[in-house]
A.B. asks: 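First the structure, which I've put down as C-alpha cells, then a few questions once you've had a look.
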Amino acid sequence: MSFRFKAVAASALSLATLAIGGWAHAADLPVKAAKKAPDLPFFLVIDDRVSFSWMPKGTDPGMWSTRPDGSINGTTAKQVYSFTHFDLWAYGTNFFTISMFKSGHNDPASPCVAPGVNINGTASNCAGATEIYGLFRSTFGWNELFNTKAFTMGPLHNISFEVGMDANTENNFLAPAKRDVVGGLQFAFDLPYKGYVDVAPLVYWEFSNHNAFTQCGLFGPGVAGVTCNSDGNVSYRATWAVEINYYMDLGFLPPNMQFWSISGRAGWYGPKGDSNGLPALSGIGRFSTASKTELNSEPIRLTFDASKAAFGDKYSHFVDLWVAYRYWQNKFGLDHNAMPGVCTVAATGQSTHSCTESTVYGGVTVKF
C-alpha cells in the first residue's frame with residue numbers, strides 16, 4: 001500500500017540561464033559564469049506522522065466469550081498507536097508503518113488461551129494482548145527508471161515495480177510471528193481534485209508464522225509435519241494478491257469548506273494452503289482448516305483537516321481528525337465459516353464472530 005505525492009519541480013531548478021545583452025567585441029564582454037542549478041535533495045518529499053485511534057469492535061481469531069444470555073461475544077475494543085513514514089525520491093516511493101494494537105480482556109495475553117481461562121484450564125483474568133504490526137512497500141517508477149513519459153497516458157500516471165514485506169508479533173498464547181513478502185506491479189491513476197488510485201497485482205508469500213496450539217508435545221508427542229508442527233512454526237505456499245488504495249480531496253465543496261478528503265484501501269490475498277500447516281488434518285465442510293481468500297479493507301475514511309481549518313493552507317494536514325469503516329473477512333486467511341474451535345464453535349458450527357472484523361473507528365493524526 002504505497003502512497004503517492006505529486007511533486008512538480010519548477011523548470012528553474014533544472015535549467016541555468018545565461019543572459020547576454022547588446023553587441024560588443026568579445027574582448028569587451030565581462031566574464032560571467034553560468035549560474036549553477038541548485039542540487040536537488042535525495043528525498044524530494046519526507047512525510048512522518050503519528051496517530052492514535054480507538055476501535056470499539058476489533059477481533060482476534062479464536063478469542064471469544066459467552067455472554068450471560070448465551071450469545072457469543074467475538075469482539076474486543078482496541079487502542080491503536082501508529083507511526084507512518086512516506087518518502088519520494090528520484091526513482092519511486094517508500095512507505096512504512098508500524099502499529100501497536102492494545103486489546104481489551106476479551107483478547108487476553110498469555111498464559112490465557114481464552115478469555116478468563118489459562119493453559120491449565122483454571123480461571124485467570126489475563127490482561128489484554130498487545131500486537132505489533134509493521135508493513136513496508138517500495139515502488140520504482142518505469143517513467144523514472146527509463147527516463148520517459150511513455151507510461152503516462154490519459155488517467156494512467158505511471159507504472160511501477162512494487163516490493164514489500166509485513167511482520168507482526170503478539171503476546172497471546174498463540175504467539176503469532178507473521179513474516180511475508182510481496183512483489184509485482186503498481187498501476188497509478190489520477191483522480192479529480194489532486195487525487196489518485198493505485199492498483200497493485202502482486203505475488204504474496206507468507207513464509208513463516210507461529211501457532212503454539214499446533215506445536216508437537218502440547219497435546220502429546222505427535223508426528224512432526226503430519227499431526228503437529230515441530231516448533232509451532234507454519235509456512236505457506238505463495239499465492240496471489242491485489243492491493244488498492246486511493247485518496248481524493250473533496251474539492252467540489254465551497255472554498256470555505258474545503259477541509260475534507262476521503263481515502264481508502266483494500267487488499268485481497270488468495271488461499272495459501274492449510275491454515276495450520278497440516279493438510280492431512282484439513283477436514284471438509286465446517287471442519288475444514290484450509291485457508292480462504294482474505295479481504296482486508298478500509299473502504300472509506302473521511303478526514304477533516306483541522307489544522308488547515310484553524311490556521312490556513314500553510315498548515316494543511318498537520319492535524320487531521322478522521323472516522324473510518326474497517327472490514328476484514330477471513331482474517332489472516334482463516335475461513336470464517338469453518339475452522340472449528342477458532343472461527344466456529346466446534347460442537348455446533350455456530351460462528352464465534354472472531355474471524356470477521358467489522359467496525360467503525362476514529363482517530364487523530366499529527367504530522368511532524
Side-chain angles (χ1 to χ4, degrees), residues 59-66 72-74 76 103 105-132 167-180 205-239 271-292 294 330-356:
T59 65
D60 199 357
M63 293 297 106
W64 53 278
S65 58
T66 303
I72 290 178
N73 178 16
T76 184
S103 296
H105 288 269
N106 211 42
D107 178 19
S110 184
C112 284
V113 295
V117 181
N118 69 24
I119 186 62
N120 297 320
T122 57
S124 293
N125 187 26
C126 295
T130 299
E131 178 187 9
I132 305 295
N168 91 317
T169 185
E170 189 172 4
N171 66 345
N172 58 13
F173 186 81
L174 186 79
K178 177 183 177 181
R179 306 290 185 271
D180 71 64
W205 180 38
E206 189 175 330
F207 58 86
S208 178
N209 208 326
H210 184 265
N211 183 347
F213 290 101
T214 69
Q215 187 164 335
C216 295
L218 183 61
F219 302 107
V223 179
V226 179
T227 63
C228 61
N229 294 304
S230 59
D231 57 1
N233 286 334
V234 184
S235 292
Y236 302 96
R237 65 169 184 252
T239 187
K272 55 192 178 185
D274 184 78
S275 292
N276 295 327
L278 303 169
L281 303 180
S282 286
I284 59 174
R286 73 176 183 87
F287 297 103
S288 174
T289 55
S291 61
K292 293 293 184 179
E294 172 185 1
N330 297 331
K331 195 168 183 178
F332 303 128
L334 303 173
D335 186 350
H336 71 286
N337 289 318
M339 290 297 298
V342 180
C343 301
T344 59
V345 179
T348 64
Q350 183 182 4
S351 174
T352 65
H353 309 294
S354 66
C355 293
T356 297

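Computed over heavy atoms, backbone and side chain alike; hydrogens, waters and symmetry mates excluded. Numbers here are sequence positions counted from 1.
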A.B. asks: Report the distance from atom NZ of K272 to atom CD of E206, rounding to the nearest 0.5 Å.
C.D. replies: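 Output value for this atom pair is 3.5 Å.
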A.B. asks: For F287, give me all partners under ring-ring contact (aromatic ring centres under 6.0 Å, His included), at least two apart in sequence or on another chain.
C.D. replies: none
A.B. asks: As a quick check of understanding, evaluate side-chain contact (heavy atoms from CB on, under 4.5 Å) for E170 and D107, giving each step before the final call.
C.D. replies: CA-CA 11 Å; E170 189 172 4; D107 178 19; 3.5 Å; yes
A.B. asks: Which atoms form the tightest heavy-atom contact between A338 and S288, and what is the distance?
C.D. replies: CB-O, 3.4 Å
A.B. asks: Give a yes-or-no answer on whether the side chains of N106 and S65 include a donor-acceptor pair shorter than 3.5 Å.
C.D. replies: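 A donor-acceptor contact under 3.5 Å links the two side chains.
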A.B. asks: Measure from the ring center of F173 to the ring center of F213 and say whether it is less than 6.0 Å.
C.D. replies: yes
A.B. asks: List the residues meeting side-chain contact (heavy atoms from CB on, under 4.5 Å) with H336, not counting sequence neighbours, and say none if there are none.
C.D. replies: Q329, N330, C355, T356
A.B. asks: Between CG of L334 and OG of S275, what distance do you get to the nearest 0.5 Å?
C.D. replies: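 Rounded to the nearest 0.5 Å, the CG-OG separation comes out at 4.5 Å.
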A.B. asks: Could you state the interatomic distance from SG (C343) to CD (Q350), rounded to the nearest 0.5 Å?
C.D. replies: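 The CD atom of Q350 is 13.5 Å from SG of C343, to the nearest 0.5 Å.
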A.B. asks: If only atom types and distance count, is the side chain of T66 paired as donor or acceptor with the main-chain N or O of I72 below 3.5 Å?
C.D. replies: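 Absent.
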A.B. asks: Is there a donor-acceptor pair closer than 3.5 Å between any side-chain N or O of R286 and the backbone N or O of A346?
C.D. replies: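 Judged by distance alone, yes, a pair lies under 3.5 Å.
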A.B. asks: Could you tell me which non-hydrogen atom of T289 sits nearest to which non-hydrogen atom of L281, and how far apart they are?
C.D. replies: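 Residues T289 and L281, closest heavy atoms: OG1-O, 4.0 Å.
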A.B. asks: I'd like to know whether N229 forms a side-chain contact (heavy atoms from CB on, under 4.5 Å) with L278, so could you lay out the CA-CA distance, the side-chain angles of the two residues, the decisive distance to 0.1 Å, and finally the verdict.
C.D. replies: CA-CA 8 Å; N229 294 304; L278 303 169; 3.8 Å; yes
A.B. asks: State, without any angle test, whether S282 and D274 hold a side-chain donor-acceptor pair at a distance under 3.5 Å.
C.D. replies: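 A donor-acceptor contact under 3.5 Å links the two side chains.
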A.B. asks: Would the distance check show the side chain of S124 and the main-chain N or O of C126 forming a donor-acceptor pair, the cut-off being under 3.5 Å?
C.D. replies: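 Judged by distance alone, no pair lies under 3.5 Å.
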A.B. asks: With rounding to the nearest 0.5 angstrom, report the OG1 to CG distance, T214 to N276.
C.D. replies: 6.0 Å
A.B. asks: Heavy atoms only: give me the nearest C216-A224 pair and the separation to one decimal.
C.D. replies: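 Where C216 meets A224 most closely, the heavy atoms are SG-CA, 3.8 Å.
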A.B. asks: Could you pull out all residues at least two apart from K292 that satisfy salt bridge (Lys or Arg N to Asp or Glu O under 4.0 Å)?
C.D. replies: none
A.B. asks: Testing the basics here: between H105 and P115, what is the closest heavy-atom pair and its distance to 0.1 Å?
C.D. replies: O-CB, 4.1 Å
A.B. asks: Give a yes or no on whether the backbone of F207 and the side-chain of S235 come within a donor-acceptor separation of less than 3.5 Å.
C.D. replies: yes
A.B. asks: Ignoring hydrogens, what is the shortest heavy-atom contact between P221 and C228? Give both atom names and the distance.
C.D. replies: O-SG, 3.7 Å
A.B. asks: Measure the spacing between CD of E294 and CG of D335 and express it to the nearest 0.5 Å.
C.D. replies: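 Taking CD in E294 and CG in D335, the distance rounds to 12.0 Å.
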A.B. asks: Keeping W64 on the side-chain end and V345 on the backbone end, is there a donor-acceptor pair under 3.5 Å?
C.D. replies: no
A.B. asks: Check N209 against A177 and note the closest heavy-atom contact, atom names and distance.
C.D. replies: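 In terms of heavy atoms, the two residues are closest at OD1-N, 3.0 Å.
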A.B. asks: For the side chain to side chain contact (heavy atoms under 4.5 Å, CB included) test, which of D60, T76, T59, T130 pairs with S103?
C.D. replies: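 Option passing the side chain to side chain contact (heavy atoms under 4.5 Å, CB included) with S103: T76.
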A.B. asks: Can you measure from SG (C112) to CG (N125) and round to the nearest 0.5 angstrom?
C.D. replies: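 With rounding to 0.5 Å, SG (C112) is 7.5 Å from CG (N125).
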A.B. asks: Give a yes-or-no answer on whether the side chains of Q215 and D231 include a donor-acceptor pair shorter than 3.5 Å.
C.D. replies: no
A.B. asks: Can you tell me if T352 uses its side chain to pair, donor with acceptor, with the backbone of P61 under 3.5 Å?
C.D. replies: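 Between the backbone of P61 and the side chain of T352 there is no qualifying donor-acceptor contact (under 3.5 Å).
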